[in-house]
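This report refers to the structure that appears directly beneath it.
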Amino acid sequence: YDAGDFDATLFGISPREALGLDPQQRLLLETAHEAIERAGIAPHTLRGSRTGVFGGLMYHDYAQGTEASGTTGGSLVTGRVAFSLGLEGPAVTIDTACSSSLVAVHLAAQSLRSGESTLALAGGVTVMSEPDMFLYFNHQRGLAADGRCKPFAASADGTGCSEGVGVVVLERLCDARRNGHPVLALIKGSAVN
């Protein structure tokens with residue numbers, strides 16, 4: 001409901017340009033900024049760093065068929081974050097449907113392990129500005145009767161679509177400890193099939 005709200009001036013974006021931005025770009029940018037602050041890092045201190053941005057995104061329906069659609073492409077969301085915050089690590093947008101955010105975390109961890117990135121933002125964003133996906137799954141009788149996903153369960157009866165955004169800051173454990181950053185969890189391993 002609040003996907004249209006955006007503090008454009010915080011990111012040096014004009015109000016006119018902000019109107020044309022896909023809400024997914026706006027939300028991922030704001031949430032990445034907030035995640036950095038919650039990690040105890042001042043966002044401006046990352047400018048010029050090898051911080052990577054890995055974001056999952058699968059919906060590309062905002063402003064479809066309008067003049068603005070050329071500037072709202074899904075592949076631009078991580079580049080917008082990297083550009084706005086001055087980050088110089090990889091900026092990768094992943095679309096693997098429902099697993100996009102998990103694959104983003106996997107790729108971010110790989111980037112940290114290889115030394116390609118010194119810090120990584122990983123997550124995903126979904127804003128469904130059109131009802132197309134609901135119509136498609138409804139036509140296929142693929143929507144769960146109660147709107148809930150039950151993967152691998154005998155009671156699984158379809159999918160449930162939703163919107164949201166989430167970003168985590170990832171760092172090698174030794175770096176997090178050296179830098180005095182809070183550690184909330186460890187990733188011991190990941191894989192993609």
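Leu85 is listed as a side-chain neighbour of His33, based on a closest heavy-atom distance under 4.5 Å. A 4.5 Å side-chain heavy-atom check between Met128 and Cys161 finds at least one atom pair inside the cut-off.
At a cut-off of 3.5 Å, with distance as the only test, no side-chain donor of Thr93 or Asp95 sits close to an acceptor on the other residue.
For Asp157 against Ala145, the heavy-atom pair with the smallest separation is OD2-N, 3.4 Å. Minimum heavy-atom separation, Ala39 to Pro182: O-CD, 3.3 Å. Closest non-hydrogen pair, Arg50 versus Gly115, comes out as NH2-O, 2.9 Å. Shortest non-hydrogen contact noted between Thr126 and Gln24 is CA-OE1, 3.5 Å. Ala122 and Leu170 make their closest contact through CB-CD1, 4.1 Å (heavy atoms, listed as atom of the first residue, atom of the second, distance).
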Pairs under 3.5 angstrom only: tabulate donor-acceptor contacts from the side chains of residues 185-193 to other protein residues two or more places apart or in another chain.
from, atom 1, to, atom 2, distance (Å)
Ser190, OG, His106, ND1, 2.6

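In this structure, Ser155 has no side-chain hydrogen bond (donor to acceptor under 3.5 Å, both in side chains) partners at least two apart in sequence or on a different chain.
Put simply, the side chain of Thr31 never gets that close to the backbone of Leu28: no donor and acceptor are under 3.5 Å apart.
No more than 12 heavy atoms of other residues, nucleotides or ligands lie within 6.0 Å of CZ in Phe83, so this atom counts as exposed by the packing criterion.
Considering CG of Leu121 and CD of Glu171, their distance stands at 11.0 Å, rounded to 0.5 Å.
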